[in-house]
Visitor: 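Shown below is the structure under consideration.
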Amino acid sequence: MVLFLVILAAAFSIHLFILLHSLSISIHFFVLCINSAYSELLPLGSRAYFSSLHFLQLAACSITVHFVLFFCARILRISETRLNRLWLCELVEKGIAAIFGPDTSNTNEIVESVAKNLEIPQFQVFWNPKLEQFSAENEYKNSLIFNLFPEPHMLATAFATLLNEMKWKKYAVLYETDEGLIRVQEILKQHGPQDPSVIVRKLTVGTDHRPLLKEMKASSVFQIVLDCESDHILDILEQAREVKLMEEYYSYILTSLDSHSIDLGRLKAAKSNITSLRLIDPNTTEIRMVAQDWELGQLSHNNQHIKVSPESIRTKAALIYDSLNLFTTIFAELDLAQTIEVKPLSCQGNEISDHGLSMSAFIRIRPFPKGRMIGPLSGPLEFNNLGQRTIFTLQIIERSLHHHRVVGVWNSKKPKNINYTISSIEIKEEIKTQVQMKTYRVKSRLQEPYLKIRKAVPGKIFKGNDVYEGYVKDLLDGIADILNATYELSLVEDGYHGNYDPKKREWNGLIKEILDRRADLAVCDLTITYERKKVVDFSMPFMTLGISILHSKARREPPALLSFMNPLSLDVWLYMATAYLGISIIIFLVARLAPGDWENPHPCNQEPEQLENVWGLKNCFWLTMGSIMNQGCDILPKGISTRMVTGMWWFFSLIITASYTANMAAFLTMERMGPTIESAEDLATQSKIRYGIMEKGATETFFKESNVSLYMRMWAQMQQDVPSPFERTNSDGVKRVRASKGLYAFLMESTSLEFERNRHCDLKEVGRWLDIKGYGIAMPVNSIYRTEVSGAVLKMQELGKLHELKEKWWKGKCEKENLETESTARLDLSNVGGVFVVLVGGMVCALSIALLEFLWNVKKTAVQHHLTLREAFIMELKFAVNFKIREKVIHKSSSESRS
Ligand code: GLU
């Protein structure tokens with residue numbers, strides 16, 4: 001009972017509403033009888049508006065009647081369809097020229113069948129996909145039906161094209177009725193197997209849609225197609241706003257053609273983009289005139305001034321107006337040629353309308369005569385054989401926080417295209433202002449030198465972005481400066497860059513932050529990869545890099561004191577010493593045998609009594625020593641055999657000294673090398689040095705996805721290695737390399753590698769880059785500020801700012817050292833210390849011998865001069881230290897002088 005009372009109240013309120021506005025917006029059922037009395041009005045073209053108004057008022061009355069009947073019927077338990085039929089038949093018996101309506105397809109079938117049976121033209125104004133189902137045998141009867149609503153398939157194509165143009169791939173479709181699902185079928189059809197999955201959900205029965213909307217929020221869908229009654233749109237969107245589904249980055253496409261007429265003022269501060277299509281252009285003269293006329297109508301009828309704005313005229317009202325307009329125009333034209341008589345008919349009888357078919361034919365031939373009266377509000381009225389309207393134009397309306405405007409036009413003649421009405425310059429300007437007004441939410445992660453927490457400075461408290469410092473912070477400052485924008489920097493919770501987990505089918509790290517729209521920009525050492533590029537957009541790269549190998553430098557063995565002996569083995573030294581002794585003695589013996597070495601001691605005496613041989617053992621040892629030291633000797637052998645022996649010794653010395661010199665150079669600079677590697681190939685072909693990478697990063701993806709056999713082998717090796725060679729961060733990898741004493745190499749990106757190498761002098765980069773890529777700033781797909789951010793990065797690069805930042809943050813104590821090649825490394829004292837020791841040892845020996853010789857001489861002097869040893873010693877010492885005396889008198893002993 002309560003329900004019926006509600007229905008009754010609703011019927012009256014609708015009646016009132018329509019009477020006030022002259023709009024039949026919520027008409028439930030609309031059958032209008034045109035009787036002969038009314039035909040008096042028809043030829044009066046100038047009064048046509050008024051006639052339309054009159055029609056509407058009549059319609060409104062009929063609705064009220066209908067509701068009352070409906071109410072009664074319920075009580076009498078008569079079905080709605082039967083009721084319609086009863087009522088329609090009642091009207092038919094009074095005589096009707098055409099049927100307008102009904103409002104929905106629910107009750108259409110009975111009306112349509114009566115219209116066809118009695119050959120009365122029927123004008124429909126609702127979305128009717130069933131028109132196509134008519135069989136061919138009934139074709140001539142089909143010509144009596146005219147549906148002014150856009151043909152369903154074409155309309156669906158328009159929405160599909162819109163989605164395509166807007167590049168929607170991952171989206172949700174929310175529909176209210178099963179009809180809605182049919183409406184969006186065309187959209188779903190163009191969804192390819194490779195595209196991300198589309199969520200399709202029916203809106204919950206009742207008025208609370210929050211649970212479903214929350215589900216949408218959780219599923220990270222940012223693009224939603226909403227198919228519902230235009231009167232429900234506002235409610236649903238308001239609930240969406242409550243569950244934060246109307247934030248920035250969320251976009252909606254509304255399939256209702258009346259969406260533009262809804263006042264979204266209630267959705268204050270909703271930042272989403274709402275796109276819809278409309279058939280009625282409120283800016284046309286026709287619509288404005290009609291709105292004005294209806295407004296005046298109110299004034300004259302009810303003495304009330306109620307504003308009727310062109311925007312508030314809904315599609316159905318306009319279509320009813322158009323159908324009435326079409327009918328009256330055609331009726332008037334036909335009336336000129338023949339007398340039209342509207343006679344009473346019966347639903348049960350065999351009699352049919354006289355004018356129905358001719359009127360239908362006339363409508364098809366001359367859809368809307370020009371110049372007769374005001375043109376149709378919904379564009380040209382042309383119908384196909386099934387009475388469908390396949391030729392129509394739709395405007396694309398975009399509403400956002402910043403604007404509400406027509407952005408393009410879709411035309412059924414080119415259903416796969418959209419003609420944009422705003423120029424690219426206008427769009428650019430708009431984006432520029434939006435970009436400047438924006439405070440960017442930036443996410444990053446802590447990793448030196450990109451970002452770190454600023455060290456505390458006494459008396460200074462850092463707040464906001466100033467808590468951080470590093471390359472990324474400076475880069476963001478630079479970009480914000482150029483764009484004239486602001487930003488809020490915060491850290492990603494899990495600390496990852498962003499990796500896709502195929503099992504969970506989700507991303508982590510910074511990429512997830514972007515996908516969930518918790519960040520507008522993600523900036524760190526974030527590599528631009530193919531996988532990531534599919535889900536987020538990147539700015540142009542601000543750094544170029546490649547994967548490289550980090551290894552520890554070979555450690556130098558502290559050289560031994562006698563390291564100068566290293567070039568030759570101990571055996572060689574022993575053999576050399578033996579050879580030295582042997583050759584010296586051989587020379588001595590050979591010289592005694594060789595006549596050439598027995599010489600005249602006084603060359604002036606041509607006939608000497610004695611010959612002399614200088615090659616005593618002392619001289620022989622001196623000669624061999626001089627040669628092997630490359631110094632030569634002041635006396636040389638003259639005999640053939642001695643020369644032969646000496647020559648051979650010289651040859652031996654030449655080879656030995658040359659070999660020694662060559663080996664010495666290598667030995668003095670050479671470190672004690674462990675196993676060494678020069679490239680990734682070297683790494684892969686050995687098993688002593690383990691190698692690893694940072695997990696869940698672009699480097700891991702590189703190895704995992706690579707088709708190059710070398711990298712595939714390396715990846716397989718890394719996976720099976722125990723303990724795991726993977727590290728959580730680059731810093732962990734660096735620590736492991738340093739601790740492993742050369743037994744672990746870490747494959748990492750060259751930029752981070754360079755930074756670590758500059759700080760730790762025991763590290764080095766090995767080989768060439770394995771690939772070339774770049775770091776970019778990630779942002780949501782199709783971000784309007786992408787071009788601006790890329791432009792700012794480019795500008796910074798051109799101004800040399802990026803280079804300056806790199807210099808600033810990459811500086812390290814080992815930078816210079818790394819520039820020196822190992823071969824040019826200097827020798828330190830430890831390398832040549834042994835030589836000094838030998839020198840000092842030699843000196844000590846020499847001094848000792850000198851002392852012995854001196855003492856020997858003292859003893860000789862004491863004997864010669866009959867002095868005590870002490871006197872002789874003092875005398876000889878005085879003489880020796882008197883540096884002025886350069887000559888020494890030889891005191892011949894008495895025995896000597898005697899002889
Ligand atoms: N830059 C890498 C990324 O964006 C992380 C470091 C790496 O994988 O070596 O994932």
Visitor: State, to 0.1 Å, how close A172 and M216 come at their nearest heavy-atom pair, and which atoms those are.
Guide: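 Smallest interatomic distance, heavy atoms only, reads CB-SD, 3.6 Å.
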
Visitor: How are the rings of F327 and F123 set relative to one another: parallel (under 30°), tilted (30 to 60°) or perpendicular (over 60°)?
Guide: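 Perpendicular, since the angle between the ring planes exceeds 60°.
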
Visitor: Check for a donor-acceptor pair, side chain of R288 on one end and backbone N or O of N283 on the other, with a separation under 3.5 Å.
Guide: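 Pair found, side chain donor or acceptor close to backbone of N283.
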
Visitor: Check whether any side-chain heavy atom of S378 lies under 4.5 Å from a side-chain heavy atom of F392, and answer yes or no.
Guide: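 Contact flag for S378/F392 side chains = no.
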
Visitor: Are I287 and D281 close enough, and set up right, to give a side chain to side chain contact (heavy atoms under 4.5 Å, CB included), and what steps lead you there?
Guide: CA-CA 8 Å; I287 285 273; D281 180 0; over 6 Å; no

Visitor: Nearest 0.5 angstrom please: H260 NE2 to L254 CG, how far?
Guide: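 It comes to 12.0 Å.
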
Visitor: Going from OG on S539 to CD on E788, what distance comes out if it is rounded to the nearest 0.5 angstrom?
Guide: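 Result: 13.0 Å between the selected atoms.
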
Visitor: Just do the side chain to side chain contact (heavy atoms under 4.5 Å, CB included) check on Y171 and I187 with the steps written out, would you?
Guide: CA-CA 11 Å; Y171 56 90; I187 297 176; 3.5 Å; yes

Visitor: Which heavy atom of G498 sits nearest a heavy atom of R532, and at what distance?
Guide: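 Closest approach of G498 to R532: O-NH2, 2.9 Å.
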
Visitor: Hey, are the side chains of I777 and I479 touching, using non-hydrogen atoms and a 4.5 Å cut-off?
Guide: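 With C-beta onward as the side chain, the pair touches.
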
Visitor: Under 6.0 Å between ring centres: does that hold for W168 and F222?
Guide: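 Not close enough - the centres of the two rings lie 6.0 Å or further apart.
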
Visitor: What distance separates L155 CG from T390 OG1, expressed to the nearest 0.5 Å?
Guide: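 Interatomic distance, L155 CG to T390 OG1, rounded to 0.5 Å: 12.5 Å.
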
Visitor: Please say whether more than 12 non-hydrogen atoms of neighbouring residues, nucleotides or ligands are located less than 6.0 Å from CD in E109.
Guide: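 No, CD of E109 has 12 or fewer neighbouring heavy atoms, counting only those of other groups under 6.0 Å.
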
Visitor: Hey, are the side chains of Q239 and D208 touching, using non-hydrogen atoms and a 4.5 Å cut-off?
Guide: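 Yes, close enough: below the 4.5 Å cut-off.
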
Visitor: Atom NZ of residue position K533 - does it have more than 12 heavy atoms of other residues, nucleotides or ligands inside 6.0 Å?
Guide: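 Yes, enclosed.
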
Visitor: Could you tell me how the ring of Y440 sits relative to the ring of Y785: parallel (under 30°), tilted (30 to 60°) or perpendicular (over 60°)?
Guide: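 Geometry flag for Y785 against Y440: perpendicular rings.
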
Visitor: Is the shortest heavy-atom distance from the side chain of M246 to the side chain of I274 under 4.5 Å?
Guide: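 Yes, side chains in contact.
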
Visitor: Hey, mind stepping through D537 and S783 against side-chain hydrogen bond (donor to acceptor under 3.5 Å, both in side chains) and telling me if it holds?
Guide: CA-CA 8 Å; D537 273 352; S783 300; 5.3 Å; no

Visitor: Identify the heavy atoms of G101 and Q124 that sit nearest to each other, and give their distance.
Guide: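 Taking G101 first and Q124 second, the nearest heavy atoms are O-CG, 4.4 Å.
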
Visitor: Distance from H209 atom NE2 to R201 atom CZ, nearest 0.5 Å?
Guide: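 Reported to 0.5 Å precision, the distance equals 15.0 Å.
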
Visitor: Applying the side chain to side chain donor-acceptor pair (under 3.5 Å) criterion to Y250, which one of Q223, K217, R517 satisfies it?
Guide: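 So, applying the side chain to side chain donor-acceptor pair (under 3.5 Å) to Y250 and each of Q223, K217, R517, only K217 qualifies.
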
Visitor: As an exercise, state the distance from CG of D258 to CD1 of I313, rounded to the nearest 0.5 Å.
Guide: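 Answer rounded to 0.5 Å: 11.0 Å.
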
Visitor: So which heavy atom on I280 is nearest to which on T315, and how close?
Guide: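 Where I280 meets T315 most closely, the heavy atoms are CG1-CA, 4.0 Å.
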
Visitor: Using 4.0 Å as the upper bound for N to carboxylate O, is an ion pair formed by E248 and K438?
Guide: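 Yes, charged N to carboxylate O under 4.0 Å.
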
Visitor: Side-chain contact test, heavy atoms from C-beta onward, threshold under 4.5 Å: evaluate it for S219 versus I199 and give yes or no.
Guide: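 Yes, their side chains come closer than 4.5 Å.
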
Visitor: Does this structure show an ion pair linking D231 with R314, if we count only N-O contacts that are shorter than 4.0 Å?
Guide: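 Salt bridge present between D231 and R314.
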
Visitor: Are K534 and V781 side-chain neighbours, meaning at least one heavy-atom pair lies under 4.5 Å?
Guide: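 No, side chains not in contact.
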
Visitor: Take F159 and V184 through the test side chain to side chain contact (heavy atoms under 4.5 Å, CB included) and record every step on the way to the result.
Guide: CA-CA 8 Å; F159 281 108; V184 295; over 6 Å; no

Visitor: Identify the heavy atoms of A115 and I99 that sit nearest to each other, and give their distance.
Guide: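 Closest heavy-atom pair between A115 and I99: CB-CD1, 3.9 Å.
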
Visitor: With sequence neighbours excluded, give me every salt bridge (Lys or Arg N to Asp or Glu O under 4.0 Å) pair touching residues 158-173.
Guide: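 Counting only pairs at least two positions apart or across chains, no salt bridge (Lys or Arg N to Asp or Glu O under 4.0 Å) contact touches residues 158-173.
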
Visitor: Please assess Y252 against S276 for the test side chain to side chain contact (heavy atoms under 4.5 Å, CB included), listing each intermediate value before the final yes or no.
Guide: CA-CA 8 Å; Y252 290 81; S276 59; over 6 Å; no

Visitor: Hey, are the side chains of T701 and T527 touching, using non-hydrogen atoms and a 4.5 Å cut-off?
Guide: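 Result no, sub-4.5 Å side-chain heavy-atom pair not found.
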
Visitor: To the nearest 0.5 Å, what is the distance between CD1 (I320) and CG (L377)?
Guide: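 Interatomic distance, I320 CD1 to L377 CG, rounded to 0.5 Å: 11.5 Å.
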
Visitor: Do you know the tightest heavy-atom contact between V243 and L213?
Guide: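 In terms of heavy atoms, the two residues are closest at CG2-CB, 3.7 Å.
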
Visitor: Could you check whether any side-chain heavy atom of I253 comes within less than 4.5 Å of a side-chain heavy atom of M166, counting everything from C-beta outward?
Guide: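 Result yes, sub-4.5 Å side-chain heavy-atom pair found.
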
Visitor: Where the side chain of D520 meets the backbone of R441, is there a donor-acceptor pair that is under 3.5 Å apart?
Guide: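 Yes; at least one donor-acceptor contact below 3.5 Å.
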
